[in-house]
Amino acid sequence: MKAVVFKGPFELAVEEVPTPTIVEPLDAIIRITTANICGSDLHPYEGRAELDAGMVLGHENMGIVEEVGPGVDRIKVGDRVSVPFNLACGTCRNCNDGFTSACLRANPSGQPGAGYGYPAMGPYWGGQAEYLRVPWADFNLLTLPQGTEHEADFTMLSDIFPTGYHGTELAKVGPGKTVAVFGAGPVGLMAAYSAMLRGAARVFVVDKEPDRLRLAEEIGATAVDFSQVDPAEVIMDATQGFGVDCGVEAVGYQAHDPSGEEHPEMVLDNLVAVVRATGHIGVVGVYMPEDPGAATEQAKEGRIAFNYGQAFTKAISIAGGQCPVKAYNRELRDLIIAGRATPSFIVSHELGLDSAVEAYDRFDKREDGWTKVLLHPGSAA
Ligand SMILES: NC(=O)c1ccc[n+]([C@@H]2O[C@H](COP(=O)([O-])OP(=O)(O)OC[C@H]3O[C@@H](n4cnc5c(N)ncnc54)[C@H](O)[C@@H]3O)[C@@H](O)[C@H]2O)c1
Ligand SMILES: [Zn+2]
Ligand SMILES: [Zn+2]
């Protein structure tokens, strides 16, 4: 089959690899109809998270069940399914408690949490390919209505719609709340959109990319361009010096100033400054335990020197981590089916697999208009 294969930093190839087959009785093989490029894919792409050459990329996957192992019961051949980016066993202690993002069995390295085509998440190939093997298929797969309707909406269910939603859950967004979302990439936009769905009164979205800020405004958020103004000052002024109830971090360890210089503590500091005393911050932007490309020795070891003293004094609660997709994807699917949510508003490009190399390059450069790329392995470039 054809797949997007990682060769080394900034080096990908779309080439023939062996088609996956059923290995364990609980496996399913999915024929991929859509696989997205994620901001998280850029970490190995840029060499900031180590990935073995030869790995097939892609953790935002959906498609049609092609084959199931003898132990699979609920999922049937021909089902249209969304594949959560977390790969989980369904029976370990963390899975039982609902934390599929910290499954204790799926990752052979022993680290909690597994996934597809990703550094430190196990040997599982990703779905930027014609086919994908999904272990523990009954537990992991979410079924979707048959047909092709809402493909671009449903494809957001594997990662970024639940992840943005998770950010708002951790930040305790609810009716009438004021919210600041830092980062207007796909995840930040999904967090802002989720805040709207949850009835927030006012949502600020901070970034510097004009096309992304425009999308934030289109969904009713107040865009704040950090290359033009001090975002903390603007948000404090707009809330009469009180601050916002809820903050969402959707940038991660590559947070930078307007000149592009990295300051991994910058967004956390901004959030601690603008969130009200006793407020909540949800961190869904990724921070790495090791970052060979970091600017300082401290940051290379994953140490982020943000102002925890101020956070403590303000009694701000900070929670974060990878999203347990299964905790949200059913309900978000049903909002899409009911016509109450259309997360596809962020999609900028739908391309064949052969365009993946160019698409990674342009998405990585945050070129204007490259907000979210969907790859369709079945179609021509
Ligand atoms: N927790 C999870 O489960 C999960 C899931 C998916 C993605 N992620 C992570 O979420 C983060 C965002 O993902 P994405 O796909 O939106 O990526 P992205 O890189 O496209 O978006 C990040 C945005 O942050 C902006 N930014 C940079 N510095 C900033 C600053 N100082 N203030 C405000 N904005 C700033 C950038 O301009 C960019 O638009 C990444 O770290 C990604 O790995 C986490
Ligand atoms: Zn992703
Ligand atoms: Zn488990």
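For ligands, and for the atoms within them, numbers begin at 1 and follow the listed sequence. The structure displayed is predicted, hence computed values, not measured ones.
Relative to atom 23 (C) of ligand 1, the option among D207, N86, N36 with the closest non-hydrogen atom is D207. The option with the heavy atom closest to atom 12 (C) of ligand 1, from among G282, A250, G39, G185, is A250. Closest heavy-atom approach to atom 35 (C) of ligand 1 among the candidates F226, F85, F363, F182: F226. With atom 28 (N) of ligand 1 as the reference point, the heavy atom nearest to it among E60, E249, H256 is part of H256.
Under the 30°/60° scheme for interplanar angles, the aromatic rings of F226 and H256 are found to be tilted. Note: F306 and Y308 have perpendicular aromatic rings, judged against thresholds of 30 and 60 degrees for the angle between ring planes.
Heavy atoms of D159 found under 4.0 angstrom from ligand 1 belong exclusively to the side chain. The proximity of H166 to ligand 1, defined as any non-hydrogen pair under 4.0 Å, does not occur for either the backbone or the side chain. Proximity of N270 to ligand 1, defined as any heavy-atom pair under 4.0 Å, is not found for any part of the residue. With a heavy-atom cut-off of 4.0 Å, T163 touches ligand 1 through its side chain alone.
Given atom 1 (N) of ligand 1, the protein heavy atom at minimum distance is V284 O, 2.9 Å. Closest to atom 41 (O) of ligand 1 among all protein heavy atoms lies V286 N, 3.0 Å. The protein atom (non-hydrogen) at minimum distance from atom 19 (O) of ligand 1 is R366 NH2, 2.3 Å. For atom 13 (O) of ligand 1, the closest heavy atom belonging to the protein is V187 CG2, 3.5 Å.
Close placement of the Y253 and H43 rings is indicated, their centers lying within 6.0 Å of each other. Note: F345 and Y193 meet the aromatic proximity criterion, with ring centroids under 6.0 Å apart.
If you take CG on L42 and CD on Q254, they are separated by 8.0 Å, rounding to the nearest 0.5 Å. Here the straight-line distance linking atom NZ of K2 with atom CD1 of I32 works out to 15.0 Å at 0.5 Å rounding. From Y131, atom OH reaches atom CG of N61 across 14.5 Å, with rounding to the nearest 0.5 Å. Atom CZ of F204 is separated from atom OG1 of T178 by 7.0 Å, given to the nearest 0.5 angstrom. The CD atom of E358 sits 8.5 Å away from atom NE2 of H349, with the distance rounded to the nearest 0.5 Å. Interatomic distance, Y118 OH to C38 SG, rounded to the nearest 0.5 Å: 7.0 Å.
Put simply, E60 gets within reach of the Zn ion (ligand 2), with an N, O or S atom under 2.8 Å from it.
D79 and T143 form no side-chain donor-acceptor contact under 3.5 Å, judged by distance and modelled atom types alone.
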Determine whether M62 and E151 satisfy the following criterion, side chain to side chain contact (heavy atoms under 4.5 Å, CB included), listing intermediate values before the conclusion. CA-CA 9 Å; M62 68 179 285; E151 182 88 3; 3.4 Å; yes
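Taking the Zn ion (ligand 3) as the corner point, the angle from C95 atom SG to C92 atom SG is about 100° (rounded to 10 degrees). Seen from the Zn ion (ligand 2), atom SG of C38 and atom NE2 of H59 lie 110° apart in angle, a value rounded to 10°. The angle subtended at the Zn ion (ligand 3) by SG of C89 and SG of C103 is 100°, given to the nearest 10°.
Ligand 1 has at least one atom lying under 4.0 Å from a heavy atom of V251. Residue contact annotation: Y253 has no non-hydrogen atom under 4.0 Å from ligand 1.
Restricting D159 to its N, O or S atoms, the one at the least distance from the Zn ion (ligand 2) is OD2.
Heavy-atom proximity to S40, at under 4.0 Å, picks out these atoms of ligand 1: 6 (C), 7 (C), 8 (N), 9 (C), 42 (C), 43 (O). Near P186, with a cut-off below 4.0 Å to any heavy atom, the atoms of ligand 1 are 14 (P), 15 (O), 16 (O), 20 (O). Contact atoms of ligand 1 toward V267: 30 (C), 31 (N), 32 (N) (distance under 4.0 Å to a heavy atom of the residue). Here is the list of ligand 1 atoms found below 4.0 Å of a heavy atom in R212: 18 (P), 20 (O), 21 (O), 38 (C), 39 (O). Near G183, with a cut-off below 4.0 Å to any heavy atom, the atoms of ligand 1 are 24 (O), 33 (C), 34 (N).
Where the criterion is an N or O separation shorter than 3.5 Å, residue side chain and backbone included, C323 meets it with respect to ligand 1. Checked against a 3.5 angstrom limit, the closest N/O atoms of H43 and ligand 1 fall inside it. Considering backbone and side-chain atoms together, G321 places an N or O closer than 3.5 Å to an N or O of ligand 1. Taking distance alone, with nitrogen or oxygen atoms compared against 3.5 Å, Q254 stays at or beyond that limit from ligand 1.
Exactly one of V65, T33, V134 qualifies for a side chain to side chain contact (heavy atoms under 4.5 Å, CB included) with V81. That residue is V65.
Nearest heavy-atom pair, A106 versus W136, reported as atom, atom and distance to 0.1 Å: CB-CZ3, 3.7 Å.
In this structure, K365 pairs ionically with D361, as a charged nitrogen and a carboxylate oxygen lie closer than 4.0 Å. Contact check on K300 versus E297 returns a salt bridge, with a Lys/Arg side-chain nitrogen under 4.0 Å from an Asp/Glu carboxylate oxygen.
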